[in-house]
*Asks:* 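Let me begin by handing over the structure; questions about it come next.
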2 protein chains.
Amino acid sequence: MSGERRTEARILEVASRLFYERGYKATTMRALAKGVGIEASSLYHHFSDKQAILVRICLDGMQGFYQEALERIEGVDDVRERLRALIVWQVVAEARHPYAGRIADEQMHALNPKSRKQLIALREDFEALIDDLLGEGQTQGIWHLSHPRVIRLGLIGMCKVEHWYDKKGALTAEQIGEIYATFILQALAYSR
Amino acid sequence: MSGERRTEARILEVASRLFYERGYKATTMRALAKGVGIEASSLYHHFSDKQAILVRICLDGMQGFYQEALERIEGVDDVRERLRALIVWQVVAEARHPYAGRIADEQMHALNPKSRKQLIALREDFEALIDDLLGEGQTQGIWHLSHPRVIRLGLIGMCKVEHWYDKKGALTAEQIGEIYATFILQALAYSR
DNA sequence: GAGCTAGGCTAACAAACGTTAGTTTGCGTG
DNA sequence: CACGCAAACTAACGTTTGTTAGCCTAGCTC
């Protein structure tokens, strides 16, 4: 049985789901262990403590999200297409790594200060990506926003589909992302 | 000192803030009591148990929100203006009753099944309001949406400003709501 | 085959938790 | 003034929680 090298991955998987469904504090180590199929004390062979599990989920998730965001706009020249790519990616990312995004949002208070700072920094990096993009469009005369930051916050809020997105629904995450991207670009095109 | 008839209101106030900041489970009755300025056991003179406090916050908040939503569109004829009113109200409501909206979203898992059902029903009533509105605009030929439900979900997500709205910021909640309403109506006008 | 390690187990601890019991205090009313 | 009640208190309860200690076993290495 010890050939199963996946225990750590399974812990992260189950923990993500439970932290998402019940919250960090309300998820007990015993419940987590039961979900994985081992005893609570065995969790400590893979993680130093409960906090370390949360840190891994939040930081690894956010790091990967930001990294792929960069990759997806690399080499794309048109401002509109870069923005479209980022919007689609936000939606797709939530579908691909379910729970991680919302945990990072909602369980941030449960993180130790150091990790929380890192997480906030990563999020701000991503936000800066969008702010820059909105600024570029502005200087290029593609749109005219009097409150770009408020719009940016709205865009990000719009893309938080995790709490209703259904894998078995009629639309894929890509399709939903495209719908939002088109919607947003339409509004931007006629902004003043 | 018993002339202070506000203890119950203060409990709800402090509990809202703590449930929002730390989550329901992570908020202890002792911490709540300390915030109010009484002992933990004294909380049980005002509420039967911890759960009852959460129920009050979620259900009363949602009930009030839905009620005023109805009032705000009553007598408004133009579809676009009704939608604008609902969008502004969503933003304003979060600023007026801080925490309540996000608690209802995030701590729903901590609610007993019965109250959870009631809360979901209220939320669905509100969502139906927007769906109807979007449908009306469609039949009147004001916009053409191929996926109105997805758009509705996006609109609601956009209005969740509670986690960044700043009372002392440059913009009032009304102003932010107007910005979003204008943005959304612009996108709708050119949708196909 | 001896010995090490990874990864599981059982049992237990100390702290923290929601809640209850019983008491005290001060105000308003008959 | 006696009484009832609202609202606070102190003290304690039983449970749950994160975590630790110590033991066992299978598989790999020398």
Side-chain angles (χ1 to χ4, degrees), chain A residues 1-58 103 106-116, chain B residues 1-58 103 106-116:
Chain A
M1 198 68 77
S2 75
E4 246 348 295
R5 293 298 295 115
R6 314 239 169 197
T7 308
E8 184 179 303
R10 293 215 51 227
I11 292 172
L12 290 171
E13 206 176 290
V14 177
S16 290
R17 201 190 69 239
L18 292 180
F19 289 171
Y20 172 78
E21 285 172 1
R22 319 179 179 178
Y24 172 75
K25 194 71 198 297
T27 300
T28 70
M29 295 296 267
R30 285 165 176 84
L32 170 55
K34 195 168 205 173
V36 178
I38 58 177
E39 288 299 314
S41 56
S42 302
L43 293 170
Y44 291 83
H45 280 281
H46 304 273
F47 294 93
S48 64
D49 54 15
K50 192 185 181 187
Q51 175 75 202
I53 302 176
L54 180 64
V55 169
R56 272 285 292 278
I57 291 173
C58 289
I103 292 171
E106 298 180 6
Q107 309 300 322
M108 189 174 286
H109 53 76
L111 273 176
N112 60 41
K114 188 182 161 189
S115 300
R116 184 163 52 234
Chain B
M1 196 69 77
S2 74
E4 243 352 289
R5 293 299 293 116
R6 315 240 169 202
T7 308
E8 184 181 302
R10 292 215 51 228
I11 292 172
L12 289 170
E13 207 174 290
V14 176
S16 291
R17 202 189 67 241
L18 292 180
F19 289 170
Y20 172 77
E21 284 171 1
R22 318 179 181 180
Y24 172 74
K25 193 71 199 296
T27 301
T28 70
M29 294 297 266
R30 288 168 173 83
L32 171 55
K34 195 168 204 174
V36 177
I38 59 178
E39 288 299 314
S41 57
S42 302
L43 292 170
Y44 291 82
H45 278 279
H46 302 276
F47 294 93
S48 63
D49 53 16
K50 194 186 181 186
Q51 174 75 203
I53 301 176
L54 180 64
V55 170
R56 271 286 292 276
I57 290 173
C58 290
I103 293 171
E106 298 179 8
Q107 309 300 322
M108 190 173 285
H109 53 78
L111 273 176
N112 60 41
K114 187 181 161 188
S115 300
R116 182 162 55 234

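Small disclaimer: the values here were computed from a predicted structure and weren't measured. Every chain is numbered from 1, with letters handed out A, B, ... down the list of sequences.
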*Asks:* Measure from the side chain of B:H46, starting at C-beta and using heavy atoms only, and say which of D:dA7, C:dC9, D:dT19 lies closest.
*Replies:* D:dA7
*Asks:* Using atom NZ of B:K25 as one end and atom P of C:dG18 as the other, report the distance to the nearest whole Å.
*Replies:* 8 Å
*Asks:* How many Å lie between CD on B:E39 and P on C:dT23, as a whole number?
*Replies:* 19 Å
*Asks:* What closest approach, in Å, do A:S16 and A:I103 show between heavy atoms, and which atom pair accounts for it?
*Replies:* O-CD1, 3.3 Å
*Asks:* Let's see if you can work this out: which of C:dG7, C:dT19, C:dC9 has an atom nearest to the side-chain heavy atoms of B:K50?
*Replies:* C:dT19
*Asks:* Would you mind writing out the side-chain donor-acceptor pairs for residues 22-40 of chain A within the sub-3.5 Å range, not counting sequence neighbours?
*Replies:*
residue : atom : partner : partner atom : Å
A:Y24   : OH   : A:Q51   : N            : 3.2
A:T27   : OG1  : A:L18   : O            : 3.3
A:T27   : OG1  : A:G23   : O            : 2.7
A:T28   : OG1  : A:A31   : N            : 2.9

*Asks:* Starting at atom CD of B:Q51, determine the distance to atom P of C:dC17, rounded to an integer number of angstrom.
*Replies:* 18 Å
*Asks:* What pairs with B:Q107 under side chain to side chain donor-acceptor pair (under 3.5 Å), at least two apart in sequence or on another chain?
*Replies:* none
*Asks:* Of all the nucleotides listed (C:dC9, D:dT10, C:dT19), which has the minimum atom distance to the side chain of B:S41?
*Replies:* D:dT10
*Asks:* Under the salt bridge (charged side-chain N to carboxylate O under 4.0 Å, His left out) rule, what pairs show up with a residue in residues 9-18 of chain B, not counting sequence neighbours?
*Replies:* B:R17-B:E21
*Asks:* Does B:S42 have a side-chain nitrogen or oxygen under 4.0 Å from the phosphate oxygens OP1 or OP2 of D:dC9?
*Replies:* yes
*Asks:* Would you kindly give the CD1-to-C1' distance between B:I38 and C:dT25, to the nearest whole Å?
*Replies:* 16 Å
*Asks:* Can you figure out which of D:dA8, D:dG18, C:dG8 approaches the side chain of B:H45 most closely?
*Replies:* D:dA8
*Asks:* Closest approach to the side chain of B:T7, judged atom by atom: which nucleotide of D:dT19, D:dA8, C:dG8 is it?
*Replies:* D:dA8
*Asks:* Could you walk me through whether B:L12 and B:F47 satisfy the side chain to side chain contact (heavy atoms under 4.5 Å, CB included) test, starting with their C-alpha distance in whole Å, then the side-chain angles of each, then the deciding distance to 0.1 Å, before giving a yes or no?
*Replies:* CA-CA 10 Å; B:L12 289 170; B:F47 294 93; 3.7 Å; yes
*Asks:* Please state how far atom CG in A:L18 lies from atom P in D:dT17, giving the value in whole angstrom units.
*Replies:* 13 Å
*Asks:* By a strict heavy-atom criterion of less than 4.0 Å, which residues belonging to residues 27-35 of chain B are in contact with DNA chain C?
*Replies:* B:T27, B:T28, B:M29, B:R30
*Asks:* Could you give all pairs that pass the salt bridge (charged side-chain N to carboxylate O under 4.0 Å, His left out) test and reach residues 45-58 of chain B, with sequence neighbours left out?
*Replies:* B:E8-B:R56, B:R56-B:D60
*Asks:* Nearest whole Å is fine: how far is D:dA8 P from B:L43 CG?
*Replies:* 9 Å
*Asks:* A:D49 CG to D:dG18 C1': how many Å, rounded?
*Replies:* 9 Å
*Asks:* Between atom OH in B:Y24 and atom P in C:dC17, what is the gap in whole Å?
*Replies:* 14 Å
*Asks:* Please list, chain by chain and in numerical order, all residues satisfying ring-ring contact (aromatic ring centres under 6.0 Å, His included) with A:Y20, sequence neighbours excluded.
*Replies:* A:Y99
*Asks:* What's the closest nucleotide to the side chain of B:Y44 if the choices are D:dT17, C:dG18, C:dG8?
*Replies:* C:dG18
